[in-house]
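This structure is in structure tokens; I'll ask about it shortly.
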There are 2 protein chains.
Amino acid sequence: MPCDAATVTTKKATIKDVAREAKVSVASVSRALNGQGGVTAETLDRIRVAAKRLRYIPDNAARSLITRRTHTIGALLPDLYGEFFSELIRGIDLAARARGLQLLVSSSHDGVEDAANAMRAMQGRVDGMLILSPWVDADFLQANLPEDVPTVLMNSPLDADGWSVLNIDNRGGAYAMVQHLLTTAGHADVALISGPGSNYDSQQRELGYREAMATFASRVPLNIVQGNFTEQSGYEAGRAILAQSPRPRAVFAANDMMALGCLYAFKEAGLRVPQDIALAGFDDIPIARYLSPSLSTVSVHIAELGRSALERLAALLDGHAQSTTSDTLGCAVVIRETCGSSRDDASPKNPYQPKSPTDV
Amino acid sequence: MPCDAATVTTKKATIKDVAREAKVSVASVSRALNGQGGVTAETLDRIRVAAKRLRYIPDNAARSLITRRTHTIGALLPDLYGEFFSELIRGIDLAARARGLQLLVSSSHDGVEDAANAMRAMQGRVDGMLILSPWVDADFLQANLPEDVPTVLMNSPLDADGWSVLNIDNRGGAYAMVQHLLTTAGHADVALISGPGSNYDSQQRELGYREAMATFASRVPLNIVQGNFTEQSGYEAGRAILAQSPRPRAVFAANDMMALGCLYAFKEAGLRVPQDIALAGFDDIPIARYLSPSLSTVSVHIAELGRSALERLAALLDGHAQSTTSDTLGCAVVIRETCGSSRDDASPKNPYQPKSPTDV
DNA sequence: GGCGCCAACGTAAACGTTTTCATGAAACCT
DNA sequence: AGGTTTCATGAAAACGTTTACGTTGGCGCC
């Protein structure tokens, strides 16, 4: 019995090879390697060394054919950019690894048809799905979601139509920021630069603005300038606001990119921020803290969204949870310089809290 | 024969069900649905409607058990942050979709053991692998890479040890930038803020600096301050450089985050950039263009790296390519304000080129 | 009209696991 | 001692495909 590496056949070793090598049946090998007991310590040992010698690795296809489990979850994401995407994946991936699950990613498709195809392609490859997509609605899911694949939706308008959904508290975040501008920072009125009307996040943020205005500045008329989440549209909205008279005391942009454009418009006009006009955004993109003045904004814990979505899905897979609950993840108001709060510049600017421990 | 949706059984339909429904054998169903011919047009039709009626979707596990193909490729990535990660995945994903391949992602593991586990977990689940990881070296691959899984390495020091590798031209990019600082911008000497010595990118960038200095400023002594890619270390390096006398005319930071910290140090000291001292970075992170003054840097096309890595892998899978070639992707020098080129401020600042068409 | 050929189709064997069930031996209890 | 329980083990049936190989039948050709 030579024990050289040379004796290892070139073909992939199967469970039968291990069984022959260890002089037991395939059943025993399966039991031993899966640690289900029912096998003597010494035979277990013999099987272990045989498996190691042959470099045996179970075939996942065969295994999941009979088990009906793939230990893989699919993530269906839209065409996302930058920080948001990577943080989301990071949150999901970390949680998945902790549970021994693999992650099948399908991102960067735009269009309903594209999303539907991606979904079908995952059939039978995954035990469950995580979906974040602007194109999924009830009908879409009904039509394309395979019968019995547990699914949790992220940031979806579908509240409790029998789906498990996990939302970001866009409304609450916007509300809190506008409240801060009106009360703590003491600005008399706040204008909104809104996002595209078709966007769910945009709608919710506008709702938060309206509610906060109704509560804390009920006599002040609403002042909404339409944008579309791009920096360019923020710039234009900023100029439109400058043309207003009287000019609002503060501006809440529905996302940071628009706030950025707006800030340029203000600077260009020679206004001081926040002394002449205050500004706040939403998202807390990495750039926000590096602007001068640094941008007050609303921070959402994206990795946390991914993590808890996966936890929820895992719970569904284990049957520990009902598939119909709906939760919301909180946001945090981040006060920096542009919003002109009373505590402005109380502490010296400290830019040294790098977001990225590693690089490249 | 009722044709209602109600007749669709609750269990998942198999090929046998379709066969029974269409009154043919399973073999014919397989042939028909895979479009291999050997079936009449009318039977093909009958099978098609039967399959649609039963919502039949082939079981991937069973299919790949016999086919030995998963149509999935695995991506093994380190604990990456932000733009780099998302762009890389985007490039890979787009190319994969175009080829009908699925993407199994395993990111955010740090440590050799972790990476090895991730690799083993992909056994039999993927047809090939894309690997970008600081912890893989020849030994690691030898020990953990399954026998016959085609693999392409990204950004790896392993040049042509029989592996297919795709590199970023860190050296060339650094060389070009330092050359620009020395010649076009006309600075007499350039100091380097280097990255961690253990990092491959860091080493290559330093090499580029050394070569450019040797070529264009051979009489000037090298001036290298050690950093570790963090903003904090850049800040400290900046202060160290300020303490030098004579002070260098220009500084090349081995990545943008360090350039950022360095810029703060200069501003803090009351220096004007680039008039008093010039600065350049590497990576072209999104923040770079928004700084004031905006940061000159070296841009690498990350999505392109991902895309061509996958193309290469796909070629390997189809047997169209040899598995041992080694390629390098170019970088682009991006001239902005901080490097004090002669064309400085020639054109008005135009910040409206948003990177992200969509948001959230 | 018999012969062979080809296209359409069916039968059955793989693929590599897990799992149920049967079998025998050993240990335990009265 | 005899019966009963436990326990390690093996044989074999699944799981849902693809595919090599037969088996038809029809058709053209001599």
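When reading the values below, keep in mind they use all heavy atoms of this one structure, side chains included, and skip hydrogens, waters and symmetry mates. Here is how names work: the chains are called A, B, and so on, in the same order as the sequence lines, proteins then strands, and each is numbered from 1. Everything numeric here is computed off the predicted structure, so don't read it as measured data.
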Side-chain N or O of B:Q36 versus OP1/OP2 of D:dT19: is the shortest distance under 4.0 Å? yes
Looking at B:S30, I'd like to know whether one of its side-chain N or O atoms comes within less than 4.0 Å of OP1 or OP2 on D:dT17. no
Judged by modelled atom types alone, do A:S164 and A:R312 share a side-chain donor-acceptor pair under 3.5 Å? yes
Have a look at A:N60 and say if it touches a base, only the backbone sugar-phosphate, or nothing, with a 4.0 Å heavy-atom cut-off. nothing
Mind checking B:E42 for me? I need base, sugar-phosphate or nothing, with any heavy atom below 4.0 Å counting as a touch.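 The residue B:E42 makes no contact with any strand.
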B:R46 vs B:E21, salt bridge (Lys or Arg N to Asp or Glu O under 4.0 Å): CA-CA, chis, key distance, verdict: CA-CA 9 Å; B:R46 216 166 62 238; B:E21 181 86 5; over 6 Å; no
Over its full length, what angle do the end axes of the helix from C:dG1-D:dC30 to C:dT30-D:dA1 make, each axis taken from five pairs and the result rounded to 10 degrees?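 Taking five pairs per end, the axes differ by 40°.
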Using a 4.0 Å heavy-atom cut-off, write out nucleotides 6-14 of chain D from 5' to 3' as B (base contacted by protein), S (sugar-phosphate only) or - (no contact). --SBBB--B
Can you tell me if the side-chain N/O atoms of A:R63 get under 4.0 Å from OP1 or OP2 in C:dG16?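 Indeed not, no polar side-chain atom of A:R63 lies that close.
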Nearest non-hydrogen partners of A:G74 and A:M122, listed with the distance: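 Result for this residue pair: CA-SD, 3.8 Å.
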Do B:D93 and B:R90 meet the salt-bridge criterion of a basic N to acidic O distance under 4.0 Å? no
Identify all pairs in which a protein N or O lies below 3.5 Å from an N or O of nucleotides 26-28 of chain C, and state each distance.
none

